[in-house]
Protein chains: 2
Amino acid sequence: MSQENKAPAPEPSSQAKRALLEQFARVAKALAHPNRLELLEFLAQGERTVESLARAAGLSVANASQHLQQLKQAGLVASRRAGQHVRYRLADDDVVALLAALREVARRHLAEVDRIVEAYLAARDTLEPVPASDLLERIRRGEVTVLDVRPPEEYAAGHLPGAVNIPLEELERRLGELPRDREVVAYCRGPYCVLAWEAAGRLRERGIPARRLEGGLPEWRLAGLPVEVEKEGAGQG
Amino acid sequence: MSQENKAPAPEPSSQAKRALLEQFARVAKALAHPNRLELLEFLAQGERTVESLARAAGLSVANASQHLQQLKQAGLVASRRAGQHVRYRLADDDVVALLAALREVARRHLAEVDRIVEAYLAARDTLEPVPASDLLERIRRGEVTVLDVRPPEEYAAGHLPGAVNIPLEELERRLGELPRDREVVAYCRGPYCVLAWEAAGRLRERGIPARRLEGGLPEWRLAGLPVEVEKEGAGQG
DNA sequence: GCGACATTCAAGCAATCGATTGAACAAATG
DNA sequence: CATTTGTTCAATCGATTGCTTGAATGTCGC
């Protein structure tokens, strides 16, 4: 109808453009399911087997395997066989950066995110988190106790320098392990990982000054800050 | 079977976690289609009407409108009514950052991307692009001619300081507008926008020293570098 | 208010996706 | 070599997505 007096060809719209957009969409598609995002969050803590990931995410093994393969085909994760197990890991730290960008856009432009944080997370801990840039210096001065509330498997794969590992469910029982005269900074998997919010809240209820780290271990590592890894052969899996 | 000697509950797996992952997936889902990625690339150049976007992307208006609404619900774009038209724009520069992270992961981990660039884009221009950080200084010293090969509509919405606007299809005809004694740096919409690759290649075929800018206008703007905007009321549709 | 235009809505259909199930494959163990 | 354990494959089904078509809504110029 009106094509004649408009630009004749819409755009060069080259084959290349289309092909590239399809590749970018392929990556985005891999991110476009909550189960896969959760798997990526676990993988950002360190290498894990399919079974371990399935259990952690509450998925059947077959289902987890399929999701992992989609992630793999999108270049987001890599895998290697280790004996009977296949161990998956993030392809690269740039995946952590991509996830951070995704969360940031969601946080800033979806009111729903604020609502959820307010309703569920802020109920446990309303204090502002500690920026990673501040924390390293305070660790070196011995001013803080760093508390890693993730499961031991994830702690073993890498944690903040000098961090104490007390999974959330053992926190009350093992309060004695925390020095009383220093502030506690708790962290877990990422900025929205509920474990750290909950831990900080529970500690302060008991009179222990505690705050969350801003972000989790993957973000710390992405920022180039130092990470401690347990010795190999610690019988972790 | 083996549930008894493993962790009893897979994870806290709180309602909040699930709800947040669904929000993040919502954003990723909006990115997970090549047509929407293309619309975002156009929108990253500046505000545009539905009809203009549909034409540029080669979509029906109804189809473009639907995609734009998905982008809007994911918080990636915003819209306002301007007379008869509805004008869409990126919600924020953090969307440009997200797109950059997405492209970066695809480029580094999908061999297909390299293959496409080699086959289609590198055929036009094999030289390394000019980093944005270098270019600004050279612009100020008057050492380069900056060439914007996008359509006038996009140029008008914002362009590099002092850039000359010659759309690709007019390039041969308007070669005389380019000073002969300075290097030309061409740019268009982004790092994979074929216009700049093509322009640099054609200019060098004619003996004019020319290279591409690394990235396009949106990336330049995201880096906080200065952008010139045409005066309002320039009759730009 | 009435037409003209721009955009959105709603219905329908093909194609794709996600989860389940059971079988197939691979590596270690006896 | 047979068994066990861990992972992937293949088939299936319901749900969602993407595009088209035609109608409805909203805004401008008269």
Side-chain angles (χ1 to χ4, degrees), chain A residues 1-3 5-6 10 18 21-22 25-40 43 47-74 77-89 153 236-237, chain B residues 1-6 10 18 21-22 25-40 43 47-74 77-89 236-237:
Chain A
M1 301 293 181
S2 59
Q3 285 170 325
N5 53 350
K6 302 285 186 177
R18 189 70 197 179
L21 289 171
E22 274 165 13
R26 193 171 149 194
V27 176
K29 230 172 259 182
L31 297 174
H33 193 286
N35 286 355
R36 286 193 291 271
L37 289 175
E38 185 170 19
L39 289 172
L40 287 173
L43 288 169
E47 204 183 46
R48 289 181 77 155
T49 68
V50 177
E51 188 209 8
S52 162
L53 287 162
R55 189 149 24 90
L59 304 175
S60 75
V61 170
N63 193 4
S65 175
Q66 284 189 69
H67 282 304
L68 288 167
Q69 280 168 68
Q70 286 190 54
L71 291 171
K72 189 175 181 179
Q73 283 175 13
V77 309
S79 67
R80 68 186 176 95
R81 188 168 265 281
Q84 272 178 293
H85 298 266
V86 175
R87 298 179 71 82
Y88 280 82
R89 63 183 181 281
E153 177 180 5
Q236 193 51 50
Chain B
M1 298 292 185
S2 60
Q3 287 169 326
E4 292 166 355
N5 53 351
K6 303 282 185 177
R18 188 74 196 176
L21 289 171
E22 274 164 14
R26 194 171 148 194
V27 176
K29 229 172 262 183
L31 298 174
H33 193 285
N35 286 354
R36 285 194 291 271
L37 289 175
E38 185 170 19
L39 289 173
L40 286 173
L43 288 169
E47 203 182 46
R48 289 182 77 154
T49 68
V50 176
E51 189 210 7
S52 162
L53 287 162
R55 188 151 23 90
L59 304 175
S60 74
V61 171
N63 193 4
S65 175
Q66 283 187 62
H67 282 305
L68 288 167
Q69 280 167 69
Q70 285 190 54
L71 291 170
K72 190 174 179 179
Q73 284 175 10
V77 310
S79 68
R80 69 185 175 94
R81 191 168 261 282
Q84 274 178 291
H85 297 266
V86 175
R87 298 179 71 83
Y88 281 82
R89 63 183 180 281
Q236 194 50 54

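Chain identifiers are assigned alphabetically (A, B, ...) following the order of the sequence lines, protein sequences preceding nucleic acid strands; residue numbering begins at 1 within each chain. The figures here come from the full heavy-atom set of this structure, side chains too, leaving out hydrogens, waters and symmetry mates.
Scored by the side chain to side chain donor-acceptor pair (under 3.5 Å) test, A/Gln70 finds A/Arg36 as partners (sequence neighbours excluded).
No side-chain heavy atom of B/Val27 sits less than 4.5 Å from a side-chain heavy atom of A/Leu31. For the pair A/Ser79 and A/Lys72, the minimum side-chain heavy-atom distance is below 4.5 Å. Side-chain contact between B/Pro34 and B/Glu38: absent, with no pair of heavy atoms (C-beta onward) separated by less than 4.5 Å. B/Thr49 has its side chain within reach of B/Ser52: a pair of non-hydrogen atoms, C-beta onward, lies under 4.5 Å apart. Between A/Glu47 and A/Arg80 the shortest side-chain heavy-atom distance falls below 4.5 Å. Within the 4.5 Å cutoff, side-chain heavy atoms of A/His67 are placed close to those of A/His33. At a threshold of 4.5 Å between non-hydrogen side-chain atoms, the residues B/Val77 and B/Leu39 do not count as touching.
Salt bridge A/Arg26/A/Glu22: absent, no basic N to carboxylate O contact under 4.0 Å.
Within the structure, every side-chain polar atom (N or O) of B/Tyr88 is placed at least 4.0 Å from both OP1 and OP2 of C/dA6. Between A/Ser65 and D/dT7 there is no side-chain N or O to OP1 or OP2 distance below 4.0 Å. When the side-chain nitrogen and oxygen atoms of A/His85 are compared with OP1 and OP2 of D/dT7, one or more of them lie within a distance under 4.0 Å.
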Would you tabulate the pairs of protein nitrogen or oxygen atoms and nucleotide nitrogen or oxygen atoms of nucleotides 18-25 of chain C closer than 3.5 angstrom?
unit_1, atom_1, unit_2, atom_2, d
C/dG18, OP1, A/Arg36, NH2, 3.2
C/dG18, OP2, A/Gln70, NE2, 3.4
C/dG18, O3', A/His33, NE2, 3.4
C/dA19, OP1, A/Asn35, ND2, 3.1
C/dA19, OP2, A/Asn63, OD1, 3.3
C/dA19, OP2, A/His67, NE2, 2.5
C/dT20, O4, A/Gln66, NE2, 3.0

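The distance between atom CD of B/Gln73 and atom P of D/dT16, rounded to the nearest whole Å, is 15 Å. Distance CZ (A/Arg55) to C1' (D/dT7): 15 Å, rounded to an integer number of Å. Between the CG atom of B/Leu68 and the C1' atom of C/dA6 there is a distance of 13 Å, rounded to whole Å. The separation between A/Arg26 atom CZ and C/dC17 atom C1' is 16 Å, rounded to whole Å. Spacing between atom CD of B/Gln69 and atom C1' of C/dA6 amounts to 13 Å, rounded to whole angstrom units. Here D/dT8 presents its P atom at 12 Å from CD of A/Glu51, a figure rounded to the nearest Å.
Remark: the B/Gln84 side chain and the D/dC28 base include no donor-acceptor N/O pair separated by less than 3.5 Å.
Recorded end-axis angle for the helix from C/dG1-D/dC30 to C/dG30-D/dC1 stands at 30°, based on five pairs per end and rounded to 10 degrees.
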